[in-house]
Amino acid sequence: MPNYWLMKSEPDAFSIDDLKKMQRSPWDGVRNYQARNFMQTMKEGDLVFFYHSSCTPAGIVGVATVSKEAYPDHTSWDPSSAYYDPKSTPEKPRWFMVDVEFTEKWPAILTLAELKLHPELADMLLTKKGNRLSVMPITADEWEYINLIAKK
DNA sequence: GCCAACGTTGGC
DNA sequence: GCCAACGTTGGC
């Protein structure tokens, strides 16, 4: 049994179409401890909702699969990177990333507004007010339900 | 562009 | 260890 996740990306920086072109990509730039800790528990084969944030509309646009488990995010010690963190070094990395593989793009975005309409999804971190977590776990029930409404 | 909500930093 | 100030996220 895989575990299920949701990961947010701003499509201007990295979209599901970018992943589709590349097929496989590191998910770098996560600079939040809670999100990092979740990534460190990911296993190869885990399934991920690809979420577009800070855009109109925001929502889930497809699915990716974890293809490599957590390893140090080298952009964190690269001074030329936008994700540079002087407190992270190759000897003592503070930030980690996983690799993901393109799995499917949905025919239409499943918007946050629609997700919020379903009482079945009211317990999700995603639909809660003020939530800013960029990597979060999804229950098997939520995974199944969301796939259902995405494809109806 | 606005602003509410949240996480992090740093002074004490 | 507290908490105010600050910076960032992210929906609208």
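Within every chain, numbering begins at 1; the chains are lettered A, B, ... in the order of the sequence lines, protein sequences first and strands thereafter. All figures in this text were calculated on a predicted structure; none of them were measured in a lab.
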- Message: Output the rounded distance in Å from CG (A:Leu126) to C1' (C:dG11).
- Response: 11 Å

- Task: Would you please indicate if the ring centroids of A:Tyr33 and A:Trp95 are separated by under 6.0 Å?
- Result: yes

- Any chance you could list the contact pattern along nucleotides 1-7 of chain B? Use B for base contacts, S for sugar-phosphate-only contacts and - for none, protein heavy atoms under 4.0 Å, 5' to 3'. ----BBS

- Item | Whole-Å distance separating the CG atom of A:Leu125 from the P atom of C:dG10 | 13 Å

- Query: Would you say A:Lys8 reaches C:dT9's phosphate, i.e. side-chain N/O to OP1/OP2 under 4.0 Å?
  - Reply: no

- Task: Please check if the distance between the ring centroids of A:Trp27 and A:Phe50 is under 6.0 Å.
- Result: yes

- Message: Ring centres under 6.0 Å, that's the criterion: do A:Phe49 and A:Trp143 meet it?
- Response: yes

- Query: Can any side-chain N or O of A:Ser9 pair as donor or acceptor with the backbone N or O of A:Pro11 at less than 3.5 Å?
  - Reply: no

- Spacing of A:His52 atom NE2 relative to C:dT9 atom C1', expressed in whole Å: 17 Å

- Task: Check whether any side-chain N or O of A:Tyr51 sits under 4.0 Å from OP1 or OP2 of C:dG11, and answer yes or no.
- Result: yes

- Task: Please state how far atom CG in A:Asp12 lies from atom P in C:dT9, giving the value in whole angstrom units.
- Result: 14 Å

- Query: To the nearest Å, how far apart are A:Leu115 CG and C:dC12 C1'?
  - Reply: 16 Å

- Check whether NZ of the Lys or CZ of the Arg A:Lys105 lies under 6.0 Å from the centre of the six-membered ring of A:Phe102 and within 45 degrees of that ring's axis. no

- Item | Nucleotide C:dT8, atom C1' - distance to CG of A:Asp85 in whole Å | 15 Å

- Message: Heavy atoms only, 4.0 Å cut-off, all strands: where does A:Lys116 land among base, sugar-phosphate and nothing?
- Response: sugar-phosphate

- Message: The criterion is side chain to side chain contact (heavy atoms under 4.5 Å, CB included); which residues satisfy it with A:Asn131, sequence neighbours excluded?
- Response: A:Lys8, A:Leu125, A:Leu133, A:Met136

